[in-house]
Amino acid sequence: EPEVTQTPSHQVTQMGQEVILRCVPISNHLYFYWYRQILGQKVEFLVSFYNNEISEKSEIFDDQFSVERPDGSNFTLKIRSTKLEDSAMYFCASRRNEQFFGPGTRLTVL
Amino acid sequence: QKEVEQDPGPLSVPEGAIVSLNCTYSNSAFQYFMWYRQYSRKGPELLMYTYSSGNKEDGRFTAQVDKSSKYISLFIRDSQPSDSATYLCAMSPLSNTGKLIFGQGTTLQVKP
């Protein structure tokens, strides 16, 4: 059964460093998303991506964040200068009709 | 008022019990309603997906949507210890972006 995959499963970084989180969506899906979940809190929408451009972004998704689909399979989230409060689980999702989530990347900013 | 409200629990039931999980929402634009199951430190797993009002059944799971009351429910029959997880309701307006708004999640424990 096709699934969304994400790498790495866990990323530890120093405050101020850049990180890139990677996702491989399900192959025939057209819409791609990033969400985050701070420990103990609800899953929050960050950004949606369709037809090679951002279709919607939340207030959280400021200039420090960017997304890219560099080839036909990968979908990446870049955080340019990480802050302590960026520590969270980051989930990639893709959809054709229903939205399917990847296993997540746990980002720890020290 | 929060857009989506969900009692975080925890909810503890004996094996075989019927479980009722609920969410309320305030945005009348929501048209798509989903239930996800999430195990600790894992990604949300889609359980049920419904459009607009009505019921949908899949095995031991039944999803209900009452748009007039802005209330959705997930029923689990014959609950099993393997059902122990956090259950997230999520909803989306009728738009191309499809962003999901999640509830807080309800933690369920089914005791053998």
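We name chains A, B, ... by the order of the sequence lines, and we start the count at 1 in each one.
- No side-chain donor-acceptor contact under 3.5 Å links Gln41(A) to the backbone of Gln104(B).
- Residue contact with chain B, scored on non-hydrogen atoms closer than 4.5 Å, is absent for Phe49(A).
- Criterion: ILVMFWY side-chain heavy atoms under 4.5 Å apart, direct or through other members. Under it, Tyr31(A) and Phe61(A) are not part of a common hydrophobic cluster.
- Taking CZ of Arg41(B) as the start and NE2 of His10(A) as the end, the distance is 8.0 Å to the nearest 0.5 Å.
- Contact check for Gln99(A) versus Leu46(B): no side-chain heavy atoms found under the 4.5 Å cut-off.
- Note on Val47(A): it does not cluster hydrophobically with Ile38(A), by side-chain heavy-atom contacts below 4.5 Å among ILVMFWY residues.
- In Leu39(A), the CG atom is not crowded: 12 or fewer heavy atoms of neighbouring residues, nucleotides or ligands sit closer than 6.0 Å.
- Heavy-atom distances place no part of Tyr50(A) under 4.5 Å from chain B, backbone and side chain included.
- By the criterion of side-chain heavy atoms lying less than 4.5 angstrom apart, applied directly or through intervening Ile, Leu, Val, Met, Phe, Trp or Tyr residues, Leu46(A) is grouped together with Val109(A) in one hydrophobic cluster.
- Using a 4.5 Å cut-off between heavy atoms, Glu44(A) makes no contact with chain B at all.
- Taking 4.5 Å as the limit, every side-chain heavy atom of Met34(B) sits out of range of all side-chain heavy atoms of Glu98(A).
- No more than 12 heavy atoms of other residues, nucleotides or ligands lie within 6.0 Å of CD in Glu59(A), so this atom counts as exposed by the packing criterion.
- A 4.5 Å side-chain heavy-atom check between Phe45(A) and Phe102(B) finds every atom pair outside the cut-off.
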Side chain to side chain contact (heavy atoms under 4.5 Å, CB included) evaluation trace for Gln6(B) with Lys42(A): CA-CA 10 Å; Gln6(B) 184 176 6; Lys42(A) 60 172 62 177; over 6 Å; no
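- Note on Tyr33(A): it clusters hydrophobically with Tyr32(B), by side-chain heavy-atom contacts below 4.5 Å among ILVMFWY residues.
- Summarising the local packing, NZ of Lys42(B) is surrounded by 12 or fewer heavy atoms from other residues, nucleotides or ligands at distances under 6.0 Å.
- The disulfide bond (SG atoms under 2.5 Å apart) analysis of residues 35-81 of chain B, with sequence neighbours excluded, yields no pairs.
- By the 6.0 Å contact criterion, NZ on Lys111(B) is open, its count of non-hydrogen atoms from other residues, nucleotides or ligands being 12 or less.
- Contacts between Gln38(B) and chain A at a heavy-atom distance below 4.5 Å involve the side chain alone, from C-beta outward.
- Distance check, rounded to the nearest 0.5 Å: OG of Ser55(A) to NZ of Lys99(B) gives 10.5 Å.
- If you chain together hydrophobic residues whose side chains sit under 4.5 Å apart, Leu84(A) and Leu107(A) fall into the same group.
- Among all heavy-atom pairs drawn from Phe91(A) and Gly43(B), the shortest one is CE2-CA, 3.3 Å.
- Here the OH-CG distance, from Tyr51(B) to Asn97(A), works out to 12.5 Å after rounding to the nearest 0.5 Å.
- Side-chain contact between Leu100(B) and Phe101(A): present, with at least one pair of heavy atoms (C-beta onward) separated by less than 4.5 Å.
- If you measure heavy-atom distances from Ile101(B) to chain A, you find no contacts under 4.5 Å at all.
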